[in-house]
Each structure stands twice: as structure tokens, then as C-alpha cells.
Amino acid sequence: MTDATAASQNDASGTASNGDGSGLYLVDGSGFIFRAFHALPMLTRPDGTPVNAVLGFSNMLLKLLADARAEAVAVVFDSKRLNFRNEFYPDYKAHRPEPPEELKPQFALIREATEAFCLPCLELEGYEADDLIATYARLAQEAGRQVTIVSSDKDLMQLVRPGVGMFDPMKNKTIGPDEVFEKFGVAPDKVVDVQALAGDSVDNVPGVPGIGVKTAAQLITEYGDLEALLANADKIKQPARRQKLIEFAEQARISRRLVLLDENVPPPKPLDELRVREPDHQRLIDFLRAQGFRSIVSRVEMEMLKDGRIADGAGSSAAPTSAAPAAKDPAAAPSGEAGERPARKTVLNVPEVRYELVQDADTLRRWVERARETGVLAVDTETDSLTPATATLVGVSLSTEPGIACYIPLAHGSSTAAAGQLDFDAPPPPVQIPTTEAMAILKDVLEDPSVLKIGHNFKFDHQLFARNGIAVSPVDDSMLISYVLDGGAHGHGMDELAELHLAYTPIPFKEVCGTGKSQITFDRVPLDKALAYAAEDADITLRLWTLLKPRLVDDRMVTVYETLDRPLVPVVADMERAGVRIDKKALSDLSQSLSIRLAEIEKDVHALAGQSFNIGSPKQLGEILFDTLKLGTGKKGKTGAYSTDSSVLEELAEQGHTIAQRVLDWRQLAKLKSTYTDALQEKISPVTGRVHTAFALAATNTGRLSSTDPNLQNIPVRTEEGKKIRRAFVASPGHKLLSVDYSQIELRLVAEMANIQALQDAFRDGLDIHAATAAQVFGIPLEQMTPDIRRKAKAINFGIIYGISGFGLGRQLGIAPGEANAFIKTYLERFHELKVWMESIKSFARQHGYVVTLFGRRCYMPGIQDKNAARRAFAERQAINAPIQGTAADIMKRAMNRMPGALAAAGSNARMLLQVHDELLFEVPEAEAEDAARIVRGVMEGAAHLGVPLVAEAGIGDNWEEAH
DNA sequence: GAGATCACG
DNA sequence: GACGTACGTGATCTCA
């Protein structure tokens, strides 16, 4: 974004002031601490002190200082003691629980942070931050200064007025009169009257019982204000409401006093002291470094380098640059001359950016040259759809160094004419390099082994270039680097990482293309907007890479990235591009027959219920079953609604209630129809005639892939009806489908990682593992094994993988938790190594906040230190499961990475199409099927060399059901 | 947009 | 003794 854009955005948002440096930002420090603490994943300093809220706070200030430009910023805190409201209403905020343990040490650190930023801290005993904010807002407004309250607290919304706005730093959204009206249904000056009636359970403000915000707003709108309403309470038509208003009139008045902010508290610092100040950079860096905030520090340092502040070793004493004139120094500049001061551009600002629109071949060649010099090139493609296998390439953006980027439009049309529509009045399309020519110029550098290409989710771009005959290499992916470094700690989308690491909000896609029905494709975006958006993406990608790449070495995660995730990009890109063939006719026939059967069942169910209702509505169904028909009492969930999930319905069906069984049938068929037979047909590409899923490489907490749009990892297989859908996945003419899956990989990995001798022996002997464990645990010889005992052992084996609990196992087996606990006890005695291993994992997780797979992948477990026992227990089960599931995922990735090479070396024409966690699906010329099966099994079984053998089983067929 | 439900490993 | 439970995903539907 250019500075001009940034400035205009600020103005448009209404948060900026007159630009004369007299504006004032009042940050609700206390409010922010709590919100940041709960919104951000737990982070600790090397010494164990939690600092997540401190990081959020620092990032927020940094961003604010960059955005606020010429404004003064002050941070306001609550005083620790009780405040004046408790004097007339002792219960005020009485139900507030103690702050969480991890938050307590952060209060002091946040004050330190404020001081490190050289910002004034405002607090006053006996008053809340909100009262101070109200007072300073009034004072500043009277002095003609524009005020922006940085908070999202609804209690502050009463202060919004001309000259006083609010800004929500977490949502990055301004709050003006319109937003206040949306929330309270009245103008800001009536907010306290509404709050007085509606009350607030969080702050323990009583209000009037039975009246919520909606009703309160309606009443205040009708009567003008609270006193007028109370005076006319007897005229209210609704009897219950009238009575409550009369009865609780005094309580409403007290509530109003509680929520009304005091604008006249004695200000702890004179308003004039709240002026723009130049931060002491060295002090700030020292503080941030002490908290271990590396990315933030390097950002500040980068800025200082740019301004020549580090070269001479000086911090704040360095000579001011032209962008930060001496008048900034409060000592040198007597207050009161604010009007003459030019807008400040602090060193904390996002550096100046230069984005160029490339519309001719020579300019593009210059960018290619530049990339050859720097050796790195961030690349991002823009298309007209999210399916890269079939999307049209609309443009390419490049960045060679931070702040320097370009956009090369290739297929932009006229922005006013609708796509494919003839409009002779429309302006002609813009000047663009023909796609083939641009690709020819780019091919050299994209395939140049000495230029590293950097993308964010490059799998997408890889496909587009592959379709243009370009095999991009070598490639780094900032999304995957982030995933390897911080998997489980947060998401890895570019916008989220930009917020987190760069304290910057990229231009939202919807701002460029709109949303919903009026959304346009990127080829219809005007070039100036396309440039700002697309070039920014390449710029941010490069910046993120610069920050994250060195951490791979520091955190010893290079091997995981280099051997598992990085090589996967071209492999999975080719799978997505290949797509899978679907028999559309089979699906549409299935849809039709399902429609008929659903209609029949629906008729039955309505007859059994004695009335017509929506079976698809769990709410209506619950009411029919338990209120109307009174089939048992029903159990209610958190929301107070009856649960009608399959376990409940199955129980009713067993008691002989036909309707429950019929609803179960209906549910199953409705699911199959809506999720699979209908939706899948629409996902067949008209271009390739196949379905192209997207495999997410950085979505799961354990290292698995996931599949979306459509999800091809959850195609039915368990029921007979479901298998019909799987039969619609077919091979091309002359081809077969080959499915190869790992046998019991997760249980083998438990035996390996926990070093369970007896279990390892059983696997080495090639025994039926569930029968073998049953024999060991229940002491029954294999020859006497019964299916029921084997079933129980199987359930325990699965339970182990999930981080077993007696309750869960009991529910699975339909036995009492106590009985299940006895099974677990015996199991752990027989396989005593397991218990030791599980304890060591949990202890490791508690100590480090993450767990590790056999191949070194880290999975962060934010909940492991939670004070709440249930949440902690949940995290402990995750901690047991993640290394098992994650190691299996690692092994599968190793196999996938070796697969194309192994197939090519053997001269096989098999194509890998899908991965379903422990299964790979291939399409292979009929005559080669058996050979391919042998090669694939070899690669999969050889993907890791462990104490237990890995076994892969292959199946061949004309469709997926047959091959599986 | 959240919650309930259910398809898969 | 308390917490509320099997682990990991994504899509669809209803309802506020």
C-alpha cells in the first residue's frame, strides 16, 4: 500500500484527526489485555512467563503508531482498588472471577510495554479506565482535538459523538454512530438509558428483569429517555412489562448510574502533556527482546536501519531524519504549536512501498533481471477461480525485495462490461502483455535453479505455471514454513500471518472483488486496485519469508520442512491437477432414486408423528419426539435443545419406536444425497470432465492433509448405500483404479514409539493384531478367541490411539465406565511400557507446550496448561494422539514424495490421484496395474525403517469401491 | 455465523 | 474431588 493510500484509508475510516498533530488516541489498556489474552494462543518467554497478551498489546501499539501518524497516544488502565460505583452498589462487577493465572504477571509487563513505547500511562485510584477515558475525551474535545477511543467495549459507546470516535483494534474496525445504533438500537447519547433497562450480567448491572436490548431500545425510542419512560410506565400496554417497569424503577435508575461514565474525574496528567512523542527505540527494542518477541524486534530494527539509526549505535539520540523533524522532540518544541507540525512519519511506519504496473515486455524483462541479481523472487498469481486446475490466469505479481513489487495483468477485461457480454460502449480492455509472451519471459527465471521462488501456498501457483509449460523450481513456501514452525499455535493464511508478524492488515479480497451475489472475478477488477492488492500479496509473502525462514535453523526444523512438507508442493499440485473421474450418470440416477425414497420416508414419519414437520430440523424433531409423542424424557444439550443425534435415535429405535428408525433412515439418505450425489455432480469440471479437490497442506494440528471443495477424504464406504457412491469414482477407459493403504499404521506406531515389546512381536509375527491383544489382555488363547472379545480388544486399541478414557471406551462398547476402566488397567499392565510412554508425552507437552512426532514435527498444544481440568484433560488426550497421528502423516508424506520418482524410474504411467490419510489412490493403464501395485507397496512399506514392519495392501478395480 | 449432525481416517 | 470426555478433519442444514 502506498502512503497516499494509507492516509486516505485513515481519513475514510474517520479515525484520523485534522492531520495537524492535535488528535488524541486513548487506548483502553485494561480492556485490551483481557481480549488479547483470550484471543491469542498462549506464548511464554524462555523463563516461562506467559506473554501472549503482552505480544498482542505490543503489536497493537506498533500498528497504532504506524497508522496514527501525527497523533498522540495515551494508554488508560483501571485502578486495582474498588471504584466509586461500589459505594452505592456493592455488587457491581461482583461476579468477576479472578483473572487467569497466566494473565496476572502480564498486567505489570503491559505497563512496562507502555513505558517502553514512551507512551503515557493514565490511571486513577477509585475510577475505572472508562471514566478516565470519558474525562479526557471531554477535555480534548473542548480543546478542539479529535479523539479516537481504542477499544471495543460497549460501555464506552456512550461517548461516541462528533469529534469522538472509537476503533476496535482486534477487528480493525471503526465504531461510529452507525455501529453504536446497530448494537443498541439508539443513538450514542441514549445508550446509557438502554443499558439501564437491559442491564449487563457480566458487570452485574441488574437492569429491569425481562427487558433486553431490543425492548429497551424500542421503549427509549418511544419515550425519549429513562426518566420519561419511568414517569409514563403506567401507560405501557403489555401488563407484564408495565408491572416490571414500575416495580424495578429504582433498580433501573441505579443501573443507569452504574453504566454512566464520569466525565469529571480529576485528570492525573494535564491534557497538554498528551502530545506526540518520539519513541526511545533502544529502550523499546531492549524491552521487546527481553520478552523474546523476535519478529517484532527485527521489524523495528529494520525500520531503524532504513533511517540510519542503528549504524551509529544511537537510539533516540540519533539525528532526526527529514521524515521526523526536530519539532517532534517535546523538549525542543513548545506545546501549542501543533498546528504547524507536519504529519509524523515514525520509524515504526510500514516502509515506503513502490508498486509498479507492468504492461510491456521490456519492463517485465527488467523485473526478471532484478530477480537474477537478488536471487529471490516472490511470486503470486491471480485467477478467476479457486480451482487452479481449471482457472484462467488473470495476472502475476512479483516482488524482489520488501516494498518493491509489481503486477503484470494478463487477462483483464473491461471492468464495466459483464464477462462474455458484448457491449460496444464499454471501454476497451487495458494494454497487456500477451499471456504466452509473458510466460516465455518468466519461464527462464521461474525455472532458473539459482533464483529461489517464494510463494504463499505455492501449490496453487505451481499448477497454473505447470499448465503453461513452466516447472517452477526451486520453491520456498512461506505458508509451509509457518506450518512447520508453529503448527497448532495458529493458522497460516497470509492475512493472519501478516497481522501476527507484521502488524499489518492486507487489503481484504472482498474489498477488491466484493462479496456474495455482486462478487466479481479478478479479471474485472480495475488495474489500479488490482495492482494495490496483488503486488501487496507478493510483497507480504517476501516479508514473511524473510522473517520465518531463519527460524527454521534456529528452531531446528529444517529437516522437517526440507524432507516432508517442501517437496510435497509439486507432488500434491500434480494430484489436484490430475483430478478424478466421476460417473455423472450413476450419481444422477442415485440422486433420483434417493429423492423418491426420501419422499416416501418423509410421508411415513409425518404419519407416525401425526403431523407434518421438517425432519431436517433437529429442533422440530426433538419437540415432536419428546414433547408431542413423549418417547422418553430426552436429554438436552448446552443450548437447551433436545439432542436427536444417531445415538439417541438408535436407543429409541431399539425400544421399538418405528419413527426413530425411519428418521435414522431419512437422515442417512438425506446426507448422502445433499453432500455427495447432488454436490459432487456440480463439482465436475466442464474443462477436464473430472473432479479436482484441493488438499490443504497447512490446515491440521497433526501434520495430516485435509481435502476441500469437495472433500474427497470422506466419501462413504461403511454402509451399502454409501458404497454405491464410491462406485461412481471410476477409472478412465483403458485404465484401472489402484488403491493401496497402510495396515494398522497407527497401532504399529504406538508399538514402535512406546517400545512395547509384546505388541512389536505380534506385528513382527504378522498376527491378527486385535485378536493377539485380546489374547494378551484377557488371557485367552488365540484358538479360543471369540468375535466379541476381539471386538473389545479392537476398541481398546483404538482407544489408546485417541488418548484413552474409561468413559469414552465404555460408551464405545456400551459398558459401564468402571468396567471399561478395568479393561484399560489390565491392558496397561500387560503393555506396561505404554503407561510410561503416555506419562512422558504428557510431561513433555506440559514442559514445552508441544509434542513431537518420530520425524521431528512439532504439534503445539495450547490447552495443556489450562487451569480448567476438563480442557487440560482434553489437551492431554490430544498430546497422546498427535505424535501417533502425526507420525503416520509424516510417513505417508515420505511415501508420496518418493512416489513420482519411483514410478518414473520403473517406467510406470500410474498417476497418483488422492490421499486419504492412510490410503493412496492411483489411476493406471490396465496392463500396468499389477506392476504399479508392487511399486507403490514397496515405496509405502519402505517409507520408514522401524522396529515394526510397515505393511501396505493393494486393491485393483474399475471403480474405487472395487479397488478399496 | 453458530450449532448440530454425520461422512471419512 | 472436580472437571466432562474418546483423536483428527469438512460439508450441509437450520435458525437466530
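Per chain, numbering begins at 1; letters A, B, ... match sequence-line order.
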Position toward the 5' end of DNA chain C (nearest nucleotide), A:A873 or A:T702: A:A873

Looking at A:S805 and C:dT5, is any side-chain donor or acceptor paired with a base atom of the opposite kind under 3.5 Å? yes

What is the ring orientation for A:H492 with A:Y483, classed by angle as parallel under 30°, tilted 30 to 60°, or perpendicular over 60°? perpendicular

Taking C:dG4 as the reference, what is the distance to B:dC8 when you measure between their P atoms (whole Å, please)? 30 Å

If you count the non-hydrogen atoms of other residues, nucleotides and ligands that lie under 6.0 Å from CD in A:Q592, is the total more than 12? no

On the nucleotide C:dT9, are OP1 or OP2 found under 4.0 Å from the side-chain N or O atoms that A:R704 carries? no

Can we say A:D866 and A:R872 salt-bridge, meaning some charged N sits less than 4.0 Å from an Asp/Glu carboxylate O? no

When the ring planes of A:F798 and A:Y802 are compared, do they come out parallel, tilted or perpendicular, using 30° and 60° as the limits? tilted

Taking pairs as Watson-Crick (N1-N3 plus N6-O4 or O6-N4) or G-U wobble (N1-O2 and O6-N3), each distance under 3.5 Å, the stems of three or more consecutive pairs with DNA chain C are B:1-9 with C:7-15

Does A:D741 reach a base, just sugar-phosphate, or nothing at all? Heavy atoms under 4.0 Å. nothing

Is there a side-chain polar atom (N or O) of A:N614 under 4.0 Å from OP1 or OP2 of C:dT14? yes

Chain A contact limits on DNA chain B, taken 5' to 3' with a cut-off of 4.0 angstrom to heavy atoms: B:dG3 to B:dG9

Could you check whether A:R704 pairs with A:E746 (Lys NZ or Arg NE/NH1/NH2 to Asp/Glu carboxylate O, under 4.0 Å)? yes

Rounded to whole Å, how long is the line connecting atom CZ of A:R857 with atom C1' of C:dG8? 14 Å

Test: A:E179 and A:K183 ion pair at under 4.0 Å: no

Any side-chain N or O of A:Q878 under 4.0 Å from OP1/OP2 of C:dG8? yes

Toward the 5' end of DNA chain C, which comes first, A:G808 or A:A696, by nearest nucleotide? A:G808

Could you tell me whether A:I801 contacts a base, only the sugar-phosphate backbone, or nothing, with contacts defined as non-hydrogen atoms closer than 4.0 Å? nothing

Give A:Q668 one of three labels, base, sugar-phosphate or nothing, depending on what nucleic acid heavy atoms sit under 4.0 Å from its own. sugar-phosphate

For the residue pair A:F844 and A:Y850, does the interplanar ring angle fall in the parallel (under 30°), tilted (30 to 60°) or perpendicular (over 60°) class? perpendicular

Less than 4.0 angstrom between a side-chain N/O of A:N711 and OP1 or OP2 of C:dT12, yes or no? no

For A:R871, report the nucleic acid contact type (base, sugar-phosphate, nothing); a contact means any heavy atom under 4.0 Å. nothing

For C:dG8, take OP1 and OP2 only and decide whether either is under 4.0 Å from a side-chain N or O of A:T700. no

Quick one: label A:A875 by what it contacts on the DNA or RNA (base, sugar-phosphate, nothing), any heavy atom closer than 4.0 Å. nothing

Does C:dT12 have OP1 or OP2 under 4.0 Å away from a side-chain N or O of A:K673? no

When A:T677 is tested against each of A:S593, A:S591, A:S595 for side-chain hydrogen bond (donor to acceptor under 3.5 Å, both in side chains), which residue passes? A:S591

Mind checking the C1' distance from C:dC3 to B:dA7? Whole angstroms is fine. 31 Å

Roughly, in whole Å, what's the span from NZ in A:K671 to C1' in C:dT14? 13 Å

Might you confirm whether atom CD of A:Q519 has over 12 heavy atoms from other residues, nucleotides or ligands at distances under 6.0 Å? yes

Would you indicate what A:R872 reaches in the nucleic acid, counting non-hydrogen atoms under 4.0 angstrom: base, sugar-phosphate, or nothing? nothing

Touch class at under 4.0 angstrom, heavy-atom based, for A:Q620 against every strand present: sugar-phosphate

Using a heavy-atom cut-off of 4.0 Å across all strands, would you classify A:A679 as base, sugar-phosphate, or nothing? sugar-phosphate

Hey, is A:E600 close enough to A:R597 for a salt bridge, meaning N to O under 4.0 Å? no

